[in-house]
**Student:** 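This is the structure I want to talk about, given as structure tokens.
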Amino acid sequence: MGRITLEKVSKRFGDVEVIPPLDLEIDEGEFVVFVGPSGCGKSTLLRLIAGLEDVTSGKVVIDGEDATRVPPAKRGLAMVFQSYALYPHMTVRKNIAFPMRMAKIPEDEQKRRIEQAAAALNLTDYLDRRPGQLSGGQRQRVAIGRAIVREPAAFLFDEPLSNLDAALRVGMRLEISELHKRLETTMIYVTHDQVEAMTMADKIVVLRAGHIEQVGSPLELYHNPQNVFVAGFIGSPKMNLIEGEEAAKHNAHTIGIRPEHIDVSRDGGGVWSGRVGVAEHLGSDTFFHIHETGLAETITVRAPGEVQFKHGDQIGLTPRADLVHKFDAEGLRIV
Amino acid sequence: MATQHSRSAARLMMAPAVFLLLVWMLVPLSMTLWFSFRRFLPLRGGDQGFVGFENYTRFVSSSSFWPAVQTTLIIVVGILIITVCFGILLSLLLDQPMWGQGIVRILVIAPFFVMPTVSALVWKNMFMDPVNGLLAHLWRFFGADPVVWLSDVPIFSIVMIVSWQWLPFATLILLTAIQSLDSEQLEAAEMDGAPVLKRFWFIILPHLSRAITIVILIQTIFLLSIFAEIFVTTGGAFGTRTLTYLIFQRVLESQNVGLGSAGGVYAIILANIVALFLMRIVGKNLDA
Amino acid sequence: MARAVTSQRKAINTVVAWAIGLLIFFPILWTILTSFKTEAQAIASPPIFLNFDWTLENYAVVQERSNYMRFLWNSVIIAGGSTLLGVLIAVPAAWSMAFVPSKRTKDILLWMLSTKMLPAVGVLYPIYLLFIQLGLLDSRAGLVIVIMLINLPIIVWMLYTYFREIPGEILEAARMDGATLREEIIYVLTPMAIPGIASTILLNFILAWNEAFWTLNLTAVNAAPLTAFIASYSSPEGLFFAKLSAASTMAIAPILILGWFSQKQLVRGLTFGAVK
């Protein structure tokens with residue numbers, strides 16, 4: 001249950017090809033995250049899987065059966081929307097019961113599942129309230145509850161956390177991850193936030209302009225980005241990308257070095273040198289934005305702990321040679 | 001953004017409304033066009049065949065055509081000026097803090113809900129009657145001779161009556177527009193040292209311009225076809241025959257359908273010119 | 001605006017606004033008052049405002065003489081029937097346009113609007129003729145149809161603007177939850193749109209109630225609603241002031257009450273959503 005295959009799936013809106021033909025394999029029980037900048041087609045891809053949009057060509061196969069022409073209601077998938085999409089005129093209980101009511105599941109079974117879901121999601125006290133009386137996080141949980149009770153083949157999440165404030169987002173991220181561990185159901189999760197992708201996914205699918213740029217586990221993407229786009233997109237703060245003379249020294253068009261892979265030293269002691277601009281002290285780490293390096297406009301460096309450089313200090317930078325990523329003129333990784 | 005399935009369902013569900021309106025528009029319209037090219041007197045010989053553009057030229061060259069156009073214009077423009085100007089003043093006033101705002105709003109809006117025949121009759125008899133009308137009493141109280149409203153100043157009287165009915169509409173829409181004005185804009189202007197009149201002229205009025213345009217266009221469309229008010233008060237006498245009323249008389253009173261239909265086509269063209277401007281504004285709003 | 005307004009200023013506003021409000025409302029007030037006077041008091045000189053002998057006699061006479069109830073019933077049937085029929089036809093259409101918009105949706109909406117702008121007088125004779133042919137002249141069914149058709153564009157538009165405010169994701173959620181199109185409209189869309197549907201019904205009921213072109217021209221005796229009832233009181237004699245007032249009060253009272261509930265929706269409905 002929960003194996004989804006996309007075969008040469010493409011989507012056009014009029015003359016615009018939003019998704020050129022692509023193939024993708026999602027295994028049973030996997031937590032797959034579609035990540036990419038806004039407008040990359042990740043939500044459209046999710047909606048194609050859901051059946052809320054027709055594919056222009058290609059096949060959507062769910063558990064071995066061609067579901068391309070199957071309406072969304074019959075695909076056995078559940079979706080959690082960005083706006084939660086709760087029914088405002090129904091109580092929490094009725095919201096959660098709605099999919100079971102549509103499936104004509106017997107009342108006592110409905111009741112059992114609602115209570116189970118409510119207990120799991122801390123909603124028991126709120127069952128008789130309406131969505132309007134709930135906080136953002138509670139609404140999110142109701143939306144998840146409504147998805148769980150269907151016992152779907154797979155869960156689809158469309159940027160579910162983007163309407164929550166930062167603190168709540170971290171908590172919900174954990175809850176969704178735990179839910180996945182417990183249910184072991186396939187989940188497909190769309191986000192533009194690479195931190196969410198890195199922390200939650202078994203498998204990340206990086207998308208840009210409808211193309212799959214790379215598919216892999218979070219650490220694969222971190223350590224071996226296949227191209228400049230993935231290199232720049234995955235990781236925070238962003239990887240430093242350097243072109244020109246310095247890159248040529250490595251026989252590459254572009255080289256990339258992550259902020260955490262550069263060591264800092266007092267002036268004179270590094271391979272490169274530059275002047276400290278803004279320093280962000282986080283306690284655990286310190287981020288420096290270094291100017292006047294002759295490499296790129298700004299080089300970001302992440303130094304562990306508290307490092308006492310001031311604005312305007314001249315410092316030395318040393319990249320760790322084995323962790324320099326090399327890319328050719330097309331932006332592809334040089335092995 | 002939808003699937004094939006929902007798109008075909010949508011087309012199916014739209015069909016009845018579209019079909020009905022299409023029939024409603026095309027059938028009578030083509031009949032009017034057809035009649036307008038024929039000599040058709042149902043009580044005096046019936047349909048006497050095709051006459052080309054004769055009805056069109058006769059309608060325009062008849063002695064009552066230009067007076068009717070003039071009357072229509074005076075009535076429509078007069079009502080527009082009165083309702084828009086007083087509407088702006090009234091909406092500015094109603095936007096101010098006061099006690100019992102809700103009740104005042106209700107009082108001001110009420111005339112819009114009065115049936116046109118009722119308002120025409122009430123004004124005609126109880127207010128404008130030269131002997132027993134309230135206005136006659138008022139005139140006498142100040143020692144003046146009562147005015148015979150509907151025969152001495154018939155157009156002015158009709159403009160008054162209809163303005164009374166439409167002032168609430170203008171006020172309500174302008175009030176809604178004023179209330180949507182961001183108060184920070186006004187406060188910023190006040191901080192910049194703009195006095196009250198300048199704030200009205202440079203901020204409030206431009207903000208209202210769209211609403212004013214809409215009021216003018218919608219009222220024009222409704223006012224061009226004023227009927228009941230004239231039917232009940234003067235019956236088209238004393239120079240109050242508007243284009244609409246003239247056509248009505250040609251068709252139903254003198255039963256000259258061909259001539260009336262030609263007039264109808266003119267009226268349709270006239271209304272469409274106004275409608276075109278309105279639709280452009282409404283259409284723009286749809287994109288937003 | 002969180003600004004303290006001096007109570008003096010507020011008092012002036014209040015007095016001016018109330019004065020103007022009462023002035024505008026006065027014709028209606030005067031009509032209602034006159035309806036309770038005797039005919040002699042109604043034309044007394046100088047006019048009497050409140051200290052007259054209140055009587056219900058006029059109402060009784062009006063009902064007796066002209067069978068007010070029949071006209072009222074016709075008005076209710078025509079306004080109610082045309083509105084309900086219109087809503088039934090318009091809900092699916094508005095659903096389609098709001099949630100499955102295509103490139104032509106905008107054109108269709110504007111075209112519908114344009115039919116509303118056809119001057120009635122331009123098609124008076126064809127309709128008159130068709131009504132005679134179809135035996136619909138002076139029938140309630142005929143008026144229900146005509147008035148439904150002239151208000152249908154407004155009904156579609158109003159519903160459309162209300163539906164557009166309902167997020168499409170909620171309907172998609174229903175679809176994901178296994179609801180069919182019918183279930184989606186019945187269980188999700190309609191309950192959410194009830195306030196909008198109610199205001200649409202209200203405003204269109206008022207417009208239909210007050211419609212005074214077709215109701216005057218296509219009725220004689222049987223189907224005549226209150227607009228025609230009042231027009232029949234078109235008498236130049238002052239002797240009938242009190243009865244005229246009673247008849248007028250009866251014709252406008254139901255709608256005044258409904259109208260006060262619908263003031264907000266009025267703006268939206270009559271400007272086709274262009275002013276909110």
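By convention in this document, chain letters (A, B, ...) are assigned in the order of the sequence lines, proteins followed by strands, and residues within each chain are numbered from 1. Worth knowing before you read on, the calculation uses all heavy atoms, side chains too, and leaves out hydrogens, waters and symmetry mates.
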**Student:** Would you please test B:Trp24 and C:Ile150 for side-chain contact (heavy atoms from CB on, under 4.5 Å) and show each step?
**Tutor:** CA-CA 9 Å; B:Trp24 167 243; C:Ile150 61 171; 3.4 Å; yes
**Student:** Would you say the side-chain atoms of C:Asn13 pair up with the backbone N or O of B:Pro97, donor to acceptor, closer than 3.5 Å?
**Tutor:** yes
**Student:** Counting heavy-atom pairs under 4.5 Å to chain C, which of B:Met115, B:Arg140, B:Met31 comes out on top?
**Tutor:** B:Met115
**Student:** Less than 4.5 Å to any heavy atom of chain B: does that hold for the side chain of C:Ala94, its backbone, both, or neither?
**Tutor:** neither
**Student:** For B:Phe19, does the CZ atom have more than 12 heavy-atom neighbours from other residues, nucleotides or ligands under 6.0 Å away?
**Tutor:** no
**Student:** Against chain B, label C:Leu22 side chain, backbone, both or neither, depending on which of its atoms sit under 4.5 Å from a heavy atom there.
**Tutor:** both
**Student:** Among B:Asn272, B:Val27, B:Leu94, B:Ile103, which residue has the highest count of heavy-atom pairs closer than 4.5 Å to chain C?
**Tutor:** B:Ile103
**Student:** Can you tell me how far CE of B:Met126 sits from OG of C:Ser245, rounded to the nearest 0.5 angstrom?
**Tutor:** 3.5 Å
**Student:** Just how far is it from atom NZ of C:Lys10 to atom CD of B:Gln96, taken to the nearest 0.5 Å?
**Tutor:** 11.5 Å
**Student:** Find out whether B:Phe127 and C:Phe26 are in side-chain contact, i.e. whether some heavy atom of one side chain is under 4.5 Å from a heavy atom of the other.
**Tutor:** yes
**Student:** Is it the backbone or the side chain of C:Ile24 that comes under 4.5 Å from a heavy atom of chain B, or both, or neither?
**Tutor:** both
**Student:** Evaluate the side-chain proximity of C:Met112 to B:Val18: yes if any heavy-atom separation is below 4.5 Å, no if none is.
**Tutor:** yes
**Student:** Before you tell me yes or no, could you show the steps for B:Phe113 and C:Ile252 under side-chain contact (heavy atoms from CB on, under 4.5 Å), namely the whole-Å CA-CA distance, both residues' side-chain angles and the distance that decides it to 0.1 Å?
**Tutor:** CA-CA 7 Å; B:Phe113 299 118; C:Ile252 61 174; over 6 Å; no
**Student:** Please flag which part of C:Ile255 lies under 4.5 Å from any non-hydrogen atom of chain B: side chain, backbone, both or neither.
**Tutor:** both
**Student:** Carefully, step by step, assess C:Met148 and B:Leu20 under the rule side-chain contact (heavy atoms from CB on, under 4.5 Å).
**Tutor:** CA-CA 10 Å; C:Met148 185 275 283; B:Leu20 281 174; 4.1 Å; yes
**Student:** Using non-hydrogen atoms only, which part of C:Ser102 is less than 4.5 Å away from chain B: side chain, backbone, both, or neither?
**Tutor:** neither
**Student:** How long is the gap from CE on B:Met14 to CZ on C:Arg104, to the nearest 0.5 Å?
**Tutor:** 7.0 Å
**Student:** Counting heavy-atom pairs under 4.5 Å to chain C, which of B:Val23, B:Leu21, B:Leu12 comes out on top?
**Tutor:** B:Leu21
**Student:** Rounded to the nearest 0.5 Å, what separates atom CG in C:Leu244 from atom CG in B:Leu121?
**Tutor:** 5.5 Å
**Student:** Sort out for me which of B:Leu22, B:Leu276, B:Val265, B:Leu175 touches chain C most, counting heavy-atom pairs under 4.5 Å.
**Tutor:** B:Leu22
**Student:** Chain C heavy atoms under 4.5 Å from B:Leu93: which part of the residue, side chain, backbone, both or neither?
**Tutor:** side chain
**Student:** Rounded to the nearest 0.5 Å, what's the gap from CZ on B:Phe248 to OH on C:Tyr125? Could you check?
**Tutor:** 14.0 Å
**Student:** Is the shortest heavy-atom distance from the side chain of B:Thr117 to the side chain of C:Leu226 under 4.5 Å?
**Tutor:** no
**Student:** Go through the atoms of C:Leu129 and report whether side chain, backbone, both or neither lie under 4.5 Å from a heavy atom of chain B.
**Tutor:** side chain
**Student:** Only pairs of heavy atoms separated by less than 4.5 Å count here; which of B:Pro16, B:Ser119, B:Ala10, B:Gly264 has the most with chain C?
**Tutor:** B:Ala10
**Student:** Can you tell me which of C:Asn217, C:Val156, C:Ile108, C:Leu23 forms the most heavy-atom pairs within a distance under 4.5 Å of chain B?
**Tutor:** C:Asn217
**Student:** Which bit of B:Tyr245 comes within less than 4.5 Å of chain C, counting heavy atoms only: side chain, backbone, both or neither?
**Tutor:** neither
**Student:** Could you pull out the closest heavy-atom pair between C:Ile28 and B:Ala110, with the gap in Å?
**Tutor:** CD1-CB, 3.7 Å
**Student:** Using heavy-atom distances under 4.5 Å, tell me whether C:Ile206 contacts chain B through its side chain, its backbone, both, or neither.
**Tutor:** side chain
**Student:** At a 4.5 Å cut-off on heavy atoms, which part of C:Ile257 comes close to chain B: side chain, backbone, both, or neither?
**Tutor:** neither
**Student:** Any donor and acceptor pair, going by atom type alone, linking the side chain of C:Trp18 with main-chain N or O of B:Trp99 inside 3.5 Å?
**Tutor:** yes
**Student:** Provide the closest heavy-atom pair for C:Ser248 versus B:Val122 in the form atom of the first, atom of the second, distance.
**Tutor:** OG-CG2, 3.9 Å
**Student:** Under 4.5 Å, counting heavy-atom pairs only, tell me which of B:Pro28, B:Pro111, B:Ala267 racks up the most with chain C.
**Tutor:** B:Pro28
**Student:** Are more than 12 heavy atoms, taken from residues, nucleotides or ligands other than B:Trp34, located less than 6.0 Å from that residue's CH2 atom?
**Tutor:** no
**Student:** Any side-chain heavy atom of B:Val118 within less than 4.5 Å of one from C:Met250?
**Tutor:** no
**Student:** Under a 4.5 Å heavy-atom cut-off, does chain B meet the side chain of C:Tyr128, its backbone, both or neither?
**Tutor:** side chain
**Student:** With a 4.5 angstrom heavy-atom cut-off, which part of C:Ala90 approaches chain B: side chain, backbone, both or neither?
**Tutor:** neither
**Student:** Heavy-atom pairs under 4.5 Å with chain B: which of C:Leu29, C:Leu149, C:Leu124, C:Thr115 has the most?
**Tutor:** C:Leu149
**Student:** CH2/B:Trp164 to CZ/C:Phe25 distance, rounded to the nearest 0.5 angstrom?
**Tutor:** 9.0 Å
